Structure formats: structure tokens, C-alpha cells
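All chains are named by letter (A, B, ...) in the order of the sequence lines, taking the proteins before the strands, and each is independently numbered beginning at 1. Quantities reported herein were computed from a predicted structural model and do not represent experimental measurements.
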Amino acid sequence: MSEEEYAVIGTRPVRHDGADKVTGRALYGADYQAAGLLHGHILRSPHAHARILRIDTSKAMALAGVKAVVTAADFPQVPDRLVDLGEGNVPLSYVRGNLLALGKALYRGHAVAAVAAVSAHIAEEAAGLIEVEYEPLPSVLTAPDAMQEGAPLLHGGLKTKELGQATDRTSNVAEHLRFAMGDIDAGFAAADIVVEREFRTATVHQGYIEPHAATALWNSDGRVLVWCSTQGAFVVRDVTACVLDLPVSRVKVTPMEIGGGFGGKIPVYLEPVAALLSRKTGRPVKMVMSRKDVFEATGPTPGSYIRVKMGVRSDGRIVAAQAYLAYEAGAYPGSMVVPGAMCIFAAYDIANIAIDGYDVVVNKPSTAAYRAPGATNAAFAAETVVDEIAEKLGNDPIEFRLRNAAKQGTRRADGPKYRRIGCIEVLETIKRHPHYNAPLEGPNRGRGVAVGFWFNIGFPSSCTISVNADGTVSLVEGSTDIGGTRTSIAMQAAEVLGIPAEDVNPSVADTDSIGYTAVTGGSRTTFATGWAAWEAAQDVMRQLKGRAAKLWEVDAGLVTEEAGVFRSGDKALTFRELAARLAETGGPVVGRGAVNPKGVGGSFSGAISDVEVDPETGKVTILRFTSVQDVGKAIHPSYVEGQMQGGSVQGIGWALNEEYYMSPDGAMLNSSFLDYRMPTALDLPMIDTAIVEVPNPGHPFGVRGVGEANIVPPPAAIANAIYRAAGVRMRRLPMNPPAIMEEIWKQRD
Amino acid sequence: MAEVYIPAMLRELTGGRATVAAAGATVREVVDDLERQWPGIRDRLLEGGRLRPNLSVAVDGEVSPLGLREVVDPASEVHFLAAIKGGMSGK
């Protein structure tokens, strides 16, 4: 456990952006204003799958106040190619095709055309005047259906790839992956108990409170300026430049404040379209999605079908584990089946593993990341089977998991061995926790546990720190701040500089003003951008030692620093005192940090859930919930707790309520927050948290990343609790009242 | 020589072996040695002289941002993995 003593890290300063956000002064995507601003509106397909035979925009253009209409034909017609958007290579045609459909609409809500007008109302009215002739086609909505022989094909030329190599099979299966370790047949042969179950999880949305919003100006100097709500300004820059066939230097993206993302604000939906409209009109164009647009046309997480088979010896050792995962990618390839397959058995040390994953296109919105993408689906399946096996063995569920827990040196299913991890420490914390040991009395009540894993990522980050004459510093970084990362990054700089966190003024810069920084995602920001801040602060301190040496006319090697005080012999200067004397020692001091770090440390999380199930209605009430997570080092414990609570609540939403409720022909029937039921404070108890700190040896302060692993175990923990409360094993998400009653009635029959 | 873990879908090229030994001071050199031993494997790992899109390489358990240029020790483990994208969105 973390034993390092720090001055700033581990404290709870007020967040730097707090005042603006609680007073309503913070400016979000839709708040951007400009002289001559036009408003855009997108016409979307009413069909889940249809050929677009003709688009006639003449009536829309004739409407007073309309300034421009664009369709996919307005994109530069450059040949398809793989484009590196800083997060992997994807075909340009997929990126472009999701912005504005070309030839076919692949899901209901797929953008078909866009209008710019002097008001949002006129733009919306004009969009309704665009005549589109469709030839509706049969649609397919789930992975198992889409994998059937004879299923309607979304992309005629899609060949199944195996580890990047195209096969000769044309189908809706974009990718098949396999992880295999040991001898799976021998493993099952050695097992005394074998359990095989199948699971289904629904399509769910991140449900961020702020809809997507973007404004673009194609300036008269040929540069495209963008202001938007995004998790990655550089991704928006690169996608916009690629799609518009411009050099990246011709696009500048200014990230506004962001009202939630959870992975869903990494893809780009509006910016290049707004830019096309701006080019036609010479004026800035703002586009803001409605909630219906967000549900129907942005990326939810994949629905999935999963089979899990596990074999265990009577001594309680898991000896074989097999999984089949089919994830819905939505309209374009790229579901989260790879990380799902990587995570499904990640909590366990198992010698014989075989995992097959399938990335399957269906006529739903193109899926996106959602907080530990793919892992929650997988853990729901694996952790339910683990719970069932523990019961068959008569083992305590935590003891059973401890007997099989992954640790340093355990080989993961995808190959590499773990470095220092905290799976056992998380399980031990659950075992000791007052919640786990408290009696749970009363009828129809049950307690369940589960664990989950997210590997976290590194990726590039940049940061600069300028020393001000008053002893404060200005920190500029490129990570958009979703969960308080300005402060968690500033605190890491402050620790190095020996100054209070409040003396660091952090700001998130546009793409012209800071070095490349990858997305705020993958739980990487406090890890990687924090590391960049650490490097920039080290650079500042090196320079300041030189400045002190100049003042004292000694060799820089003779200057030491501790807790923000520079010393040489009997001379001493505080950081603030030295900062006031920069002008006489050589001018400004600016530190820089630019990293693409290794040393990523995965995070394990556990959940304890107490529920009560109404046997007459199937309603589940969460009585008590505790989230336990190894975070490496908690830079700002309040924000860590907030992440754990937020992830838990989203996991509870997956478990009990949330789903895209689809009509047979592919229309989402609950595309509003009234009908898409997310948990609110009224539905939940206080979410208790237990922070575990097993420092990541790969990071200067031991950070692992905290934003994602916490969503992974809740659905399985709740399913296991429901079993103990109502006697039914739930194998489908959401576990809403009809689903639970169905299982209860089956049991009664 | 480094121990190279062969992805399950490429084991047809290594006679079913899950691990093989290969020499090289960098990942690129290791791939060259793999090709010498198991003809055809380079084309499944590289495209245009670079790691295939959607593949990454891990040396001693760490995914390397340097890819083919990553230094390999004779005692190293080398894994070729499905690439995980930043924020995990390929679209």
C-alpha cells in the first residue's frame, strides 16, 4: 500500500474550475457566440437500413433565411485510405460515411444532409423540406441475428478480418479475434465442475448531460476554426482535417468546457459538417444536437451476446475458462470486443483459456467507447458464472476469488504477464469491509459481490508551466477536463514545485497552443498528462536551480531544493522569492513536459451490493452499495471517490434499467431521458467507497487511473445479489421488473 | 534469444507453437528472424514495413509506443497484440 508522504498529493483542495461551474459562468459547447453566426440542422434517416436513391435540396434552399445545404457529395472526393487519427487506423470512408451517409443509410438517425440558416428554427424547417427518396432494406439489430447466414448485409464488401488479415468471408462480422493459452481441452478434462451459461446485454448510452455541440468557421485565410465539446481536441482537429482533405495545421480546435463524455465524446459527428456549411456561407455555423439526436445518432456502447464456460477442480482452483463474445459494432466496424476479450478473465490466474471475439456490424448507431468499454458486458457474464461456481463448491464468493486471483506474474489471456497489480488487495479490502461483514436481514434481500478490471492506457500528453513573478505558475495542458483533471494535474506539478495547489493556475489550451495530447479517455489523463506536468515541473526546478546559482554566483550543482526552498551553503530562497527575481537572472522560466509513457498500471475494482427484490413486481431496490478500487495513488481523494461513485451509479443503470428499446424495424422507442431511465439520486443509497492504493511502479507518483474500472463489477454484483434475494440467476441486462418477473415465474412453474 | 508469443491466429505459421525463440536487438530484427524461421509471418505482422494497423507490440509486458524500434533484450518476452486505441474508439 502507498506509504509515500506528500505535501500536496493526497489532499483535497478546491477544484480550480469549481467557481465558474457552480455559478454557471463556465462556457460549454453550445455557449459559443460569434458575429454573423448561422445555425445548422441535420436531416436524419427515418429508416434503419435504406438505399438513398435521390436527394433534392431545392425546396430547402428556397426557404427564406436558408444559406446553405450540404450532403455527402460536398466532401472532398478523395480515395479511401486508412487514416491515423492518433488512436489507431480507420478507413476514411467509415469516418466520412458516419458524418453524412453516402449511398445508404445504415441506422435510423444516420445523418443524410445538413442545413445552415439564420435561426435554428428555420434550419430545422428547411431540413424538413429536403426530399430524400429511399429504398428501404431489411435491417438487422443484434449480433447473433447479423451473424446468421443470409442476414441482410450492411457493407457489401466487408470481409471478415483475422488479426488484421482479410479472409474471403463476406458477412457482417468485421473481425474475429482469438486468445488462447494452455490446453483448453485438457483443462476442462481436469475439472470436477463445469458451468456454461449464455448472457445478453443491452445497448446503453453514456447519458452525458450536455449534448454534442460545435461551431466551425472556414475563415477567409483558408483556416478552419472549431469550438466544440469534445474529449480530445486533437482528434477533432485530425478528423476534420482528414475528412476535409486539409493539412492539420489548417485546423484549429478550441475545446469548450465539457458536460460529460464517458467515451462518447471521442468520436466526431458535427465539426466537419459545420465546416462545410461555413465554407459555403462564409459565416460561422453552430450545430447543437437534441437529446433525441444524441440517443439515435451518437455512439452508445455495444449490445452483446456472450457465452462463458468455466471448469473448476473440487479444491477450488479454476482450471479452464472459455468465452465467446459477439459485440454489436453498430453501423461501422469497431465494437469494444477486443478490450472485452482482454478483460473477461483478467481477475483470475487460469492456466487454460480460449476466447473468441466477434465484431459485428448491425443497423444501430455506430458504437463508441463507454467507460471501460467492453469490460462491463464481459464481467457481467464471467462474474455471474464465478459466483455460481463458488456456490456449487460451498465457498464464500470472496474466498473463492482470492484462491484464484491474478497477481504479479500472472499471465493474462492476451499474453503479457501482470506487473504489480492490486487484485488481491481489492478482494482483501472487500473481505474486511464492514459492509461485507454486516448482517443482512429481512425477506427478499440478498448481497452480491463482483470484481472487474480495466487496463488503462498511456498515450501522448503535453504540458508547459510558466513561472509568474508572484510565485504562482500558469500550467497549460491539452487534456480536456471532464472529471477534475485540471486539479489532479496541477497537484502533481505543485508537489514537484513545492508550492500549494492553489498557486498553480491550470488551463486547457487549443490545438495551436499546446503539444499533441491524446484524448481524455482510457483513464489516462491523471496518469499521462500528470506525468507531463511532473516533467514540466522538473524542468522548471532545473532552471530555477540555475537561476539561484546565478544570484549566488555558485555552480548550479551546489544548489539543492527541498519543499520549494532552494539552498546553497547558508543561502536560501523560497520558490516565491526566486520567482520574483527571474528578470535579473535571465528572464522568463518556462518548463515543458512531453511524454508518450510506458508504465501503465491496470486497475481492479470490486463492488458489494445489497438489494431487495419485490417478488410481486420484480422491482429491485439497492439498499447499500460499496465500491472498492485500486487506484495506485489517489492524487485528490475526493475526485477519486467521485469517480468511483459515478462509475457505480452508471453500472447500476446498466444493471437495472437502461437499454435501447428498439422496434422490430430498428427505431429507438425511448430516445428521451423520460423514457430512457437512468438512476437518479432518489433511486440510490449513498455509494460508499474504499480506496485501495497499490502504487503503480511505472508512474512518478504511483498513479494507475481511476475513471473506468469502477463501472465494471456493479451489474454482476447486483445480479448475484438478486439471486440471493429472489433465487433467480439473471443472465440478461437490464434486470428490469419484467425480466425479473419472467425468471421468477419460470421458477414458480 | 527473446521469447516471442505468437498470437493464436498466427500459430498455423509456427506449426502450432505458442512461443518461439527469435534473435534481435529490436522488435524489427526479431520480426526478421521470425520470418527466417517461419516464412510468411512477417507479412502477417507488418504492412509496408510498419506494424499492421490494429496491431501493437509489447516487450516485457509493456505496450511500446516505439513499436518496431523498441529495444529487445535476449531475456525479453515479446507479444504482438490487438492494438487498443486511445479512448478505444476507432470510428
Side-chain angles (χ1 to χ4, degrees), chain A residues 82 84-90 94-95 98 161-165 175-181 231-232 235 263 266-267 299 329-330 332-334 336 338-339 341-342 354 366-369 373-374 414-419 455 457-460 518-522 524 596-600 698, chain B residues 2-14 16-20 27 31 34 40-48 50-67 69-73 75-91:
Chain A
L82 288 178
D84 181 356
L85 303 177
E87 53 165 2
N89 295 282
V90 290
Y94 290 172
V95 178
N98 200 35
K161 286 184 176 176
E162 295 186 336
L163 208 69
Q165 176 87 356
E175 181 94 26
H176 169 213
L177 68 96
R178 176 176 295 157
F179 300 143
M181 198 165 76
Q231 288 179 240
V235 170
I266 296 170
Y332 295 95
M336 306 305 158
V338 175
M342 288 170 68
S366 195
T367 56
D414 57 317
K417 286 180 182 171
Y418 283 116
R419 297 184 161 205
F455 40 80
I457 60 168
F459 289 70
V519 296
T520 296
R524 62 172 294 280
N596 190 3
K598 296 197 283 186
V600 176
Chain B
E3 186 173 28
V4 183
Y5 282 70
I6 306 298
M9 299 186 114
L10 298 189
R11 289 178 196 163
E12 70 204 27
L13 295 170
T14 58
R17 290 172 174 80
T19 61
V20 298
V27 173
V31 172
L34 286 175
I41 198 167
R42 181 164 47 204
D43 284 349
R44 297 295 303 273
L45 296 172
L46 310 190
E47 190 175 280
R50 303 172 67 180
L51 269 179
R52 274 180 175 260
N54 306 322
L55 264 190
S56 62
V57 64
V59 177
D60 297 327
E62 292 228 59
V63 174
S64 171
L66 297 176
R69 295 177 187 83
E70 183 63 56
V71 172
V72 176
D73 186 82
S76 290
E77 272 190 11
V78 178
H79 295 264
F80 295 95
L81 306 170
I84 297 299
K85 303 158 186 111
M88 278 52 73
S89 172
K91 299 178 283 191

Original post:
Do E70(B) and K598(A) have side chains that get closer than 4.5 Å, going by heavy atoms?
Top reply: yes

**OP:** Would you indicate whether the side-chain heavy atoms of P416(A) and V63(B) approach each other to under 4.5 Å?
**Re:** no

Subject >> Top contributor to chain A contacts, counting heavy-atom pairs under 4.5 Å, from L55(B), V78(B), L81(B) >> reply: L81(B)

Subject >> Closest-packed option against chain B by number of heavy-atom pairs under 4.5 Å, given G599(A), G458(A), G698(A) >> reply: G599(A)

Subject >> Pick from M342(A), M181(A), H176(A) with the largest number of heavy-atom pairs that fall under 4.5 Å of chain B >> reply: H176(A)

Subject >> Per-residue contact mode, L66(B) against chain A (heavy atom under 4.5 angstrom) >> reply: neither

Original post:
Among all residues two or more places apart in sequence or in another chain, which pass the side-chain hydrogen bond (donor to acceptor under 3.5 Å, both in side chains) test with Q165(A)?
Top reply: R52(B)

Original post:
Once you round to the nearest 0.5 Å, how far does CG of L82(A) lie from CG of N54(B)?
Top reply: 8.0 Å

Original post:
Is chain B contacted by the side chain of R178(A), its backbone, both, or neither, given a heavy-atom distance below 4.5 Å?
Top reply: both

Subject >> Partners meeting side chain to side chain contact (heavy atoms under 4.5 Å, CB included) with A82(B) (sequence neighbours left out) >> reply: V338(A)

